[in-house]
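Atoms within a ligand are numbered from 1 in the order they appear, just like the ligands themselves.
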Amino acid sequence: MTNNLMPEVLISEDEILHRVDQFAEQISTEYKDKGELVLVGVLKGAFILLADLSRRLTVPHRVEFIAVSSYGRSSTSTGAVRMLMDVREDIKDKNVVIVEDIIDTGHTLHYLISLFENRAPASLRTCVLVRKASRAEVDVEVDYLGFDIPDVWVVGYGLDFAERSRTLPYIGVVTPDN
Ligand code: IMP
Ligand code: MG
C-alpha cells in the first residue's frame, strides 16, 4: 500500500461538508425540544466529523468520546471489539447519537449500540459518514448516513491508514502499490 501523500479523491471536501450541513440541519430539527442531546464520537476516526457536526448544530448538546479497538491486526476487523475508554457521563435518559467515521464489517457499531442500549438512554441513533455496504457481516441500523462506498481502503477526514492521512480534508483511496 502506498501513496498516502496524495490519495485519489473519492469524496471531495465540498461533498463531505455539504452532507455534514444536512446532518446538522436534520438533527437540529429532530432533536428540538426533545431533552438532553449527547453526541458520542468514536475515537479516533470520528473526531473531525464530530467537531464539524457539533459546531453546526443549532440545538444544545453535549459532546462525549468513546474509544474502542478491534482485536487482531491493526487495520482489519476480526469481530471482537474491546473498550479502551468509556464515556464520562451517564447516558441514562439522554438522547444519544453515536458519531462514527466508517462502517466496514459493522462489528464496532454493533458492539456500541448493544453497549449503550443496556444503559437505558431516552433514545439512541447513529450518524456515520461512510459505509462499505458490501463488507457487512452484521446488520447495523444507521439513522444518518453520509455515503455508501465500494470495498476500498479510505483515508482522510479522520480516517487513517496506519495512523497516516487522518487530516486530509477529503476522503481518498489508498491503492495497493503494485
Ligand atoms: P468494523 O468494525 O469492521 O465496521 O470496522 C470499523 C473500524 O475499522 C472503523 O471504525 C475504522 O477504524 C476501521 N476501518 C475500516 N475500514 C476502514 C478504512 O477504509 N479506512 C480507515 N479505517 C477503516
Ligand atoms: Mg472508527
(message) I want to know if ligand 1 touches Ile103 in the polar sense, i.e. an N/O pair below 3.5 angstrom.
(response) no
(request) Report the part of Lys132 (side chain from C-beta onward, or backbone N, CA, C, O) that has a heavy atom under 4.0 Å from ligand 1; answer both or neither where that applies. (result) side chain
(request) Show which atoms of ligand 1 fall inside a sub-4.0 Å distance from at least one heavy-atom site of Glu100. (result) 10 (O)
(request) Just jot down the ligand 1 atoms closer than 4.0 angstrom to any heavy atom of Asp101, in number order. (result) 10 (O)
(message) If we set the cut-off at 4.0 Å for heavy atoms, which region of Leu109 has an atom near ligand 1: side chain, backbone, both, or neither?
(response) neither
(request) Enumerate the atoms of ligand 1 whose separation from the nearest heavy atom of Val152 is less than 4.0 angstrom. (result) 19 (O)
(message) Using the rule given for side-chain contact (heavy atoms from CB on, under 4.5 Å), can you reason through Phe116 versus Val40, listing the C-alpha separation, both sets of side-chain angles and the distance that settles it, and then say yes or no?
(response) CA-CA 10 Å; Phe116 284 178; Val40 179; 3.9 Å; yes
(request) Would you tell me which option among Ser165, Gly106, Ala136 has the nearest heavy-atom contact to atom 4 (O) of ligand 1? (result) Gly106
(message) Testing the basics here: between Val173 and Pro7, what is the closest heavy-atom pair and its distance to 0.1 Å?
(response) O-CB, 3.4 Å
(request) Please name the pair of heavy atoms, one in Leu53 and one in Cys127, separated by the smallest distance, quoted to 0.1 Å. (result) CD2-SG, 4.1 Å
(request) Select one of side chain, backbone, both or neither to describe which atoms of Arg135 lie under 4.0 Å from any atom of ligand 1, heavy atoms only. (result) neither
(request) Using the test side-chain contact (heavy atoms from CB on, under 4.5 Å), find all partners of Asp90 that sit at least two apart in sequence or belong to another chain. (result) Lys92
(request) Please identify which atoms of ligand 1 are closer than 4.0 Å to at least one heavy atom of Thr108. (result) 1 (P), 2 (O), 5 (O), 6 (C)
(message) Between Thr126 and Ile103, is there a side-chain heavy-atom distance shorter than 4.5 Å?
(response) no
(request) Check Leu159 against ligand 1 and report side chain, backbone, both or neither, counting heavy atoms closer than 4.0 Å. (result) side chain
(request) Can you tell me which residue pairs pass the salt bridge (charged side-chain N to carboxylate O under 4.0 Å, His left out) test with a partner in residues 21-34, sequence neighbours excluded? (result) Asp21-Arg56, Glu30-Arg125
(request) Could you tell me how the ring of Tyr144 sits relative to the ring of Phe23: parallel (under 30°), tilted (30 to 60°) or perpendicular (over 60°)? (result) perpendicular
